[in-house]
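Just below is one structure, and these are the notes that go with it.
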Amino acid sequence: MTAAAPEPKANMGQPVPRYDAVAKVTGRATYGADMPLDNPAYAFLVTSAIAKGRINSFDLDDAKRVRGVIDIVTHENAPKLKESKLFSNGGYAGTTIQPLKSAEIAHDGQIIAVVIAESYEAAREAANRVKVSYSAATPSASFDSPGTTKAAAKGQNAQFKEDPKVGDFAKAFDEAEVKVEASYETPTQHHNPMELFSTSCAWMGDTLVIYEPSQYVYGLKNGVAEQLGIDADKVRVVNPYVGGGFGSRGSMTPRTAIIAGIAKRLNRPIKLVPTRDQGFTIATYRAETRHEIKLGASRDGKLVALRHEGAEMSSRADPYCVGGTKTTTRLYACSNVDSLVSIVRADRNTPGFMRSPPEVPYLFALESAMDELAVKLNMDPVELRRVNDTTNEPIGGKPYTSRSLMACFDEAAKAFGWAQRSVAPRSMSDGDWLIGYGCAATCYPTQMAPSAARVRLQRDGRTRVEIAGHEIGTGAYTVIAQTASERLGVPLEKVSVFMGDSDLPPAPVAGGSNSTASTCSAVMMVCDQIRQRLFKAVMPNESLTDKAKETVGIGQTPANQAARSDRPLDLEKAFDALGVGVVEEYGEWKPEGAPLDSFKAMHSGHARLVGGSAMKDKIAYAFGAEFVEVRVNRFTHEIRCPRLVGAFAAGRIMNPRTARSQLMGGLIWGMSSALLEATEIDQRTARYVNDNLADYLVPVNADVPDVEVILLSEQDDHINPVGAKGLGELANVGTNAAICNAVFHATGQRIRRLPVRLENIEV
Amino acid sequence: MRPFSFQRATDPDMALQALSAAAAANDPLTQATAQPLAGGTTLIDLMKLDVMRPAAILDINPLALSWSAIEPGAETLRLGALAKMSDVAAHDEIQRNYPVIANSLKLAASAQLRNMATLGGNVMQRTRCSYFRDVSYENCNKRNPGSGCAAMDGVNRMHAVLGTSDQCIATYPGDFAQALIALDATVEVTGKSGTRSMPFAELHKAPGNTPEIETTLQPGELISAFLISGRWPRSVYLKARDRQSYEFALSSAAVALDVQDGTIRDARVALGGVATVPWRAREAEAQLKGQKFDDGLAQRAADAAFADARGRRHNSFKIALGKRVVVRALQQAVTMEI
Ligand SMILES: Cc1cc2nc3c(=O)[nH]c(=O)nc-3n(C[C@H](O)[C@H](O)[C@H](O)COP(=O)(O)OP(=O)(O)OC[C@H]3O[C@@H](n4cnc5c(N)ncnc54)[C@H](O)[C@@H]3O)c2cc1C
Ligand code: SF4
């Protein structure tokens, strides 16, 4: 075992190498824009240079003269498309702002024309030569701009159901012995996945094939069909690999139906590869948020009152919000809780999911405030979490299915050397550098959604798994292959997995960290169907389920696994008895508590996620604890984070290698979010300014010399058949607060606004 | 990007011929129809962004045979304009006798860029002002003379506090140029009518009323070499930035000192990340010369360096930051073991 492939502990799978590793490092993996098309035309977008107003006219003469230009599509001649509802209001779309519909402009960088040409270069040159005359109006850019509107989230956004509260917050806060009141802010952030927001659309008769990086092929297929007004069966979305998603590809963007419509009209496949900066405005982003936190505690650190008020930015058109109070009001024991989430509207594109959408901004606020409280109480922040740890969430009193928060704190604290911390701020240094230690809790809801799968087993053990899941870089192929291999008792090398194609059995959106739990539960169920058929053939009289259980191993402990391999099913015998060479099974799995319409919704591209805080009689979260060392230069005030340690517990760890990689990436992203990432908005024009990877900073290797991930063993039999909690979005939640807490320890200065930059430090 | 013709230089004469043939239009150099291509890490970037639209590209890399030598002579260091940043940074004698040069190069850009980029291209790199680099903003005096300056009251955290004008506050982004200007380098320019030399300090022009004119180089001229006299083993380059590597300076200082018996005989201070052009802080040097070093002196020098600084909304912090960077760079230079 190596650091990259940690030794599995109890209830962990094997750290097998990635299924797609060789294809990726050798460049054989084909991404959307790599797909060969027959005689394609190339599209290049023209996007608006104003955030609000109208287009008076286009001057296309110069552009049309560029050799190879086929067509220039504007609102005056664009294909007519039907509307699609917002994803969070039951539709497919990440925005309801439909470009090319009229001369109106609703946000910066809105698509206003599409140039189609014989080559990418010609399309780009012509796009550069399109001249636009605008009537610009004064836009509202963000929270402090005149002209914004603010209203409670509840009632606007169907996914935001409640402002959790319990007890009498006002009274309890009033009477509390120790209080913290503070405001926090998080910035606009963009996903910037490496793979650009490309799409290729090719019609074959009345059937459309879309090659596009998508985190939800069924959603995209149904959404585009809806917009084009055609049957969903006539649309196929193919993307075996996604070059990063982070939420940006979970909902449909307007580009796809536009390109599909133009391809239809021109009767030619069209490939669109937008630029990096266009990705900032033609897709979604993490909106800026503001928070007011009030904490009241007794002298011994017990929380008696907690209030979290959040405000989030959205577009004029759409009530998008993340509403992280559902988590922050339930994380710690506290009898008097109040909360409120509001949405502020400005002239912006509609924001959307970005890795741990609710938890990142909301836990930054809460976990910073907890640290402030620990300082006020003169208490070790780890101990503050311990006295407020709970087995039941305080709002509805529901029990956590499992909760290893304090075990994570203790393991991570030990590995980090928390005990060596000198408590007083500004008391540790090394040459030019002040040193600070900080920590924070991290958590993420455990979610599942209905999923189908098809599995085919051959006499020689070769197995083919088909499921329209998504490989967004997390290791989905790998853990699905492992699940089938373990379940059927066939060697891993014999399993092939097919994903990322809407012609395969439906799987949910790769979002909310539900993929492993959902797809592996479905694959496991279907594998069991196969085993049962085989068993029935060889042992027609035995009780089928019992035998299958015993032989295939439903249990997840190593002891059971050993028992399973002791008594492998003789495939030859079973196939002979059945009289066939191949067995194939299809099945649809849904999690406990899934709504009645789940399977129907699954086929029409609506993922019915259940879990987290929304379950009837329990609450399911994965937990972790993160410790960081921050160094602040006395002279330059530069802030570096040379060491990150995280311990995480997330039920069954399917593969310690891929899990570690996810969590490590999460810690690094969390650091990036705390210290580097922010999209700057020109307040006068409501335009994104640093919309490129030279100005929108993310860490480089030199920024992350030492990242340690500790996987804790945890067993949870109350969540889903595989017993796995999603962990893809677990690690980047706590890091923002951990770093600000460490900056406080280093400098004595509390930073409540992200990202922390050197100009915010006054040493 | 727009179509352009591409030609490869065979020798200096041919290169100069080709460039000056296209130079007739009398545009400022940055808008000249013909542009020399060295590493391409600035030029191709700006062409893709549609900011630069040359009709003709002349690849001058074949001239590396004669123009890329690193020659540390007894009296004078000569650096060919086509020497790669990485080669110069890694050169033993540069590291020993000119640490400020080696480090200004080593701390710039990324390993990949340094392998491609040349010294000549480096000093000619253009500002990173986001409004300049995005043609959808109409008002940029540098790109579009007379159109106004979007950065003045826009997002200007990265912008300059020294050498600014009402027309432009764009930062000169490079690092190496601070070392050159501090060491009183000479730049050798080769044109159709032969070779001329001038102080490096005369190469760049502050924006004033003509931010589109960035250098005194004329269309049809090429930088062929940089010359530095004397040795500067007691020299440092200190660079403050948002991340540990691969990022431009928020503030930097190139410092070279000649200290004998505790007295500063000569002092050179140049500032990066804070000024519109490579910036020599002569006021700071005047404070230092002939003095015994202590922290108070360093502070007075730093104050003098920024006496005329003017901050805007997001970049005022650079004044205090810049001073601390100067102080620390001076302290490091004084305590260097050489
Ligand atoms: C992401 C990124 C980060 C960077 N970070 C830094 C940094 O931290 N610090 C830093 O200093 N730089 C940084 N750079 C800039 C980089 O150092 C320059 O792009 C590079 O040095 C330019 O050299 P080149 O040879 O590639 O020039 P080219 O791109 O080939 O040329 C640049 C310009 O100079 C002209 N030119 C080239 N050679 C000559 C010559 N001999 N005579 C006259 N004109 C000439 C060209 O016509 C062109 O206009 C960064 C660049 C990028 C893309
Ligand atoms: S600072 Fe200079 S380069 Fe930037 S927008 Fe203003 S004029 Fe243009």
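In what follows, chains are A, B, ... by sequence order, proteins preceding strands, each numbered from 1. Below, all heavy atoms of this structure are taken into account, side chains as well, without hydrogens, waters or symmetry copies.
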- [ ] Could you have a look at B:Asp153, B:Val327, B:Leu238 and say which one has the most heavy-atom pairs with chain A under 4.5 angstrom?
- [x] B:Asp153

Task: Choice from B:Arg157, B:Glu138, B:Arg128, B:Lys323 maximising heavy atom contacts with chain A below 4.5 Å - done: B:Arg157

[X] versus chain B, the contacting section by heavy-atom distance below 4.5 Å:
X        : result
A:Leu676 : side chain
A:Asn633 : neither
A:Ile50  : neither
A:Ala126 : neither
A:Phe44  : neither

TODO: Describe, in one word, how the ring planes of A:Tyr696 and A:His190 are oriented to each other, choosing from parallel (under 30°), tilted (30 to 60°) and perpendicular (over 60°).
DONE: perpendicular

Closest-packed option against chain B by number of heavy-atom pairs under 4.5 Å, given [options]:
options                                : result
A:Val689, A:Asp695, A:Asn701, A:Thr636 : A:Val689
A:Glu121, A:Arg124, A:Glu680           : A:Arg124
A:Val698, A:Thr685, A:Ile639           : A:Val698
A:Asp432, A:Asn690, A:Asp277           : A:Asp432

Open item on the list: For the residue pair A:Gln110 / A:Thr281, report whether a side-chain donor-acceptor contact shorter than 3.5 Å exists.
Closed with: no

Which portion of [X] sits near chain A, non-hydrogen atoms under 4.5 angstrom:
X        : value
B:Tyr137 : both
B:Asp134 : side chain
B:Arg133 : neither

Open item on the list: Can you confirm whether or not the ring centre of A:Tyr285 sits under 6.0 Å from the ring centre of A:Phe280?
Closed with: no

Does the side chain of [X] reach to within under 4.5 Å of the side chain of [Y], using non-hydrogen atoms?
X        : Y        : result
A:Leu693 : A:Arg276 : yes
B:Asn141 : B:Ser147 : yes
A:Leu675 : A:Cys641 : yes

Open item on the list: Return the CD to OG distance between B:Gln112 and B:Ser110, rounded to the nearest 0.5 Å.
Closed with: 4.5 Å

